[in-house]
Amino acid sequence: MSEACNNQCSECNEDCSEREPSEFLEKPHELSDIKKTIGVVSGKGGVGKTLVTAMLAVSMQRAGVSTAILDADVTGPSVPKAFGIKEKASNSEMGIFPVKSKTGIRIMSSNLLLENETDPLIWRGPVIAGVVKQFWTDVIWGEVDYLFVDLPPGTGDVPLTVFQSIPLDGIVIVASPQELVNMIVEKAVNMAEMMQIPILGLVENMSYFICPDCGGKHTIFGESHIEDIAMQHNINLVCKIPIDPRLSSATDKGCIELFENDSLDALVQLLINKGEE
Ligand code: ADP
């Protein structure tokens, strides 16, 4: 807190701990009408955050709820690839238009702005955070029931800025069984709690593998502790996704929209119910 604090946050620009989180929230584009915004977060990269974001958007779109994905993982954008999107985003004087997937899911990602999708983005944190903010303020999302934000992994500068600038109605935390036994996932939970954003569910990805030969269930990355962690943090909903080579193949080939899987059904139903509240 500033020594000169007079408790009038609106008159002050200090980035201090006493400030209300809502002070930093940005307004969406005036032509966007987004009913609910859900962040998908993970403690580290490569645990399936993008996969879960894509599966949630696909399942809800299938259920007749209009969905969109804001790929906030600016330096590791993999949403367009999972949907097989090759075209680039277009823009007008009014703003930027997201690209629509085959089933009509609106997608915005840094990859849709680069000439070559293999070009690296050598930007520092504040620039990356600025791009994410622009995906919220300058993209014309139109009417969307559920916008899913695929956040950058971890609890660093960029995810924190996203948490502060985009008004999230809730978050979903994705972790592997290994992360659930150490503190990585706790950090994500604590960040959400500090930002006062409800945690809607905890997803354990790569939870187990069903052997196609013997039919046995193998916990490749160790026994699950997801229920204990969920209980510790009063998270009422847990989902488990198995290791499934068909999933990696679907994301590699860009046809995640064709994949059917019931692992996230409980979470999808919760979101559908929330949307109807
Ligand atoms: P993150 O967004 O957390 O970095 P991704 O969703 O991009 O991770 O997943 C990393 C890779 O692992 C992708 O190639 C994805 O297809 C694969 N993958 C993720 N979850 C599974 C799973 N349950 N079964 C098989 N492959 C998976």
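Counting starts at 1 for both ligands and their atoms, in listed order.
Enclosure of atom NZ in K253 is not indicated, since only 12 or fewer non-hydrogen atoms of other residues, nucleotides or ligands lie within 6.0 angstrom. Heavy atoms of other residues, nucleotides or ligands lying less than 6.0 angstrom from NZ of K36 number more than 12. In E26, the CD atom is crowded: over 12 heavy atoms of neighbouring residues, nucleotides or ligands sit closer than 6.0 Å.
Counting only heavy atoms from C-beta outward, the side chains of F83 and E257 approach each other to under 4.5 Å.
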Exercise. Step by step, would you call E87 with K100 a salt bridge (charged side-chain N to carboxylate O under 4.0 Å, His left out)?
Worked result: CA-CA 10 Å; E87 69 183 284; K100 272 195 186 170; over 6 Å; no
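Near ligand 1, heavy-atom contacts under 4.0 Å come from G45, G46, V47, G48, K49, T50, L51, S78, N205, M206, I241, P242, I243, D244, L247, S248, T251.
Two different hydrophobic clusters hold M206 and L202 under the rule that ILVMFWY side chains link at heavy-atom gaps under 4.5 Å.
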